[in-house]
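Accompanying notes for the structure given below.
Treat the numbers as computed from the prediction; the structure is a model and nothing was measured. All values below come from the heavy atoms of this structure, side chains included, with hydrogens, waters and symmetry mates left out.
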Amino acid sequence: MTELDLDMARKVLESQPFSGLVGARITAFGSGAATLEVDMRQELRQQNGFLHGGVLAYAADNSITFAAGTTLGPAVLTGGFSIQYVRPATGRTLVARAEVVHTGRRQAVVRCELLAVGEDGAATLCAVAQGTVLSAKQG
């Protein structure tokens, strides 16, 4: 098995065309946690100027799956997740911090906080998510 580390996680993220389209990057990976960041570009906003909810859902889903990969191994798939939007995301950067709550033999439960970071560096909670990630390993 290939060693799972931040460099490997970045290579996996770079291989995802949609992640490239959104401009996502992994800034932390390991020990049951992962952090994904997305710059809040104009193209990712909705009609009121807030970051589109689909971008928040993408960041939650992907950070949850990467965090689970640190405990289940690299072959994982999202089984499902839910997201609750707390307030509109505005600012400079979206930060999705996911942490494994429980890992079993075939699945992990992961929580994620989504923070909007402003120009001044202040972070504001804009959504929370929780998901189940399944091992896709055969056998």
Side-chain angles (χ1 to χ4, degrees):
M1 178 170 88
T2 303
E3 184 178 342
L4 296 177
D5 60 14
L6 183 57
D7 287 336
M8 179 57 68
R10 286 179 174 151
K11 288 177 183 164
V12 170
L13 187 70
E14 288 169 7
S15 74
Q16 299 174 353
F18 188 76
S19 292
L21 181 67
V22 172
R25 59 191 175 275
I26 290 186
T27 57
F29 176 85
S31 302
T35 300
L36 190 89
E37 295 185 6
V38 175
D39 292 331
M40 294 191 202
R41 305 186 324 266
Q42 184 60 34
E43 300 86 2
L44 301 178
R45 298 179 189 276
Q46 45 89 298
Q47 71 279 4
N48 296 311
F50 307 127
L51 193 64
H52 194 284
V55 177
L56 277 83
Y58 154 79
D61 177 22
N62 227 8
S63 64
I64 284 169
T65 304
F66 271 96
T70 70
T71 63
L72 290 173
V76 293
L77 296 169
T78 303
F81 77 99
S82 65
I83 187 167
Q84 286 72 45
Y85 300 101
V86 176
R87 68 180 46 86
T90 61
R92 182 188 69 220
T93 307
L94 174 68
V95 177
R97 292 186 186 140
E99 187 172 340
V100 174
V101 175
H102 173 77
T103 299
R105 256 189 44 231
R106 304 277 303 151
Q107 71 178 17
V109 176
V110 185
R111 285 191 196 130
C112 178
E113 288 189 346
L114 295 114
L115 306 158
V117 179
E119 295 298 332
D120 61 357
T124 303
L125 183 70
C126 55
V128 292
Q130 180 169 303
T132 302
V133 179
L134 309 173
S135 173
K137 188 172 130 183
Q138 300 295 320

| task | Give, for atom CZ of Arg87 and atom CG of Leu125, the distance between the pair rounded to the nearest 0.5 Å. | result | 6.5 Å
| same_hphob_cluster(Val100, Leu134) at 4.5 Å side-chain heavy-atom cutoff | no
| request: Return each pair, listed once, that meets side-chain hydrogen bond (donor to acceptor under 3.5 Å, both in side chains) where at least one residue sits in residues 113-127; pairs must be two or more places apart or across chains. | output: none
| Minimum heavy-atom distance Gln16-Ser19, with the two atoms named | OE1-OG, 2.6 Å
| task | May I ask whether Leu21 and Phe66 are part of the same hydrophobic cluster, defined by side-chain heavy atoms of I, L, V, M, F, W, Y residues being less than 4.5 angstrom apart, directly or through others? | result | yes
| All pairs passing side-chain hydrogen bond (donor to acceptor under 3.5 Å, both in side chains) where residues 95-105 contributes a residue, at least two apart | Thr71-Thr103
| query | Can Leu51 and Val38 be said to form a side chain to side chain contact (heavy atoms under 4.5 Å, CB included), step by step? | reply | CA-CA 10 Å; Leu51 193 64; Val38 175; 5.6 Å; no
Output side-chain donor-acceptor pairs under 3.5 Å for residues 76-83, partner residues at least two apart or in another chain, one line each.
from	atom 1	to	atom 2	distance (Å)
Thr78	OG1	Asp61	OD1	2.6
Thr78	OG1	Thr65	OG1	2.6

| message | With a 3.5 Å distance limit and no angle check, can you tell me whether Thr70 reaches the backbone of Gly32 through a side-chain donor-acceptor pair? | response | yes
| query | Would you call Asn62 and Leu13 a side-chain contact if the rule is heavy atoms closer than 4.5 Å? | reply | yes
| remark: Taken in chain and number order and not counting sequence neighbours, the residues that satisfy side chain to side chain donor-acceptor pair (under 3.5 Å) with Ser31 are none
| query | Which pairs, with at least one residue in residues 6-42 and sequence neighbours excluded, count as a ring pair (Phe, Tyr, Trp, His ring centres under 6.0 Å)? | reply | Phe18-Tyr58
| message | Show the nearest heavy-atom pair for residues Ile64 and Gly131, with the distance to one decimal. | response | CD1-N, 3.9 Å
| message | How about CZ on Arg45, more than 12 heavy atoms from neighbouring residues, nucleotides or ligands closer than 6.0 Å, or not? | response | yes
| message | Do Cys126 and Leu56 have side chains that approach each other closer than 4.5 Å (heavy atoms only, starting at C-beta)? | response | yes
| task | For side chain to side chain contact (heavy atoms under 4.5 Å, CB included), just list the numbers for Leu114 and Ser63, CA-CA rounded to whole Å, side-chain angles, deciding distance to a tenth of an Å, and then say yes or no. | result | CA-CA 10 Å; Leu114 295 114; Ser63 64; 6.0 Å; no
| task | Could you please spell out the steps behind the side chain to side chain contact (heavy atoms under 4.5 Å, CB included) verdict for Val128 and Arg111? | result | CA-CA 8 Å; Val128 292; Arg111 285 191 196 130; over 6 Å; no
| Under a 4.5 Å cut-off applied to non-hydrogen side-chain atoms, are Val109 and Gln130 in contact? | yes
| Is the backbone of Asp5 close enough, under 3.5 Å, to the side chain of Arg10 for a donor and an acceptor to pair up by distance? | no
| Distance in Å, Ile26 CD1 paired with Glu14 CD, rounded so as to fall on 0.5 Å steps | 9.5 Å
| query | Is there a path of hydrophobic side-chain contacts, each under 4.5 Å between heavy atoms of I, L, V, M, F, W or Y residues, that connects Leu36 with Val22? | reply | yes
| request: Flag the pair Asn48 / Pro88 as yes when at least one side-chain heavy-atom distance between them is below 4.5 Å, and no otherwise. | output: no
| Spacing of His52 atom NE2 and Met40 atom CE [to the nearest 0.5 Å] | 14.0 Å
| message | Tell me the closest heavy-atom pair linking Ala67 and Val110, and the distance in Å. | response | CB-CG1, 4.0 Å
| task | Please identify each residue that fulfils salt bridge (Lys or Arg N to Asp or Glu O under 4.0 Å) with Arg25, with sequence neighbours left out. | result | Glu37, Asp39
| When hydrophobic residues are tied together by side-chain contacts of less than 4.5 Å, even through go-betweens, does Leu94 share a cluster with Leu115? | no
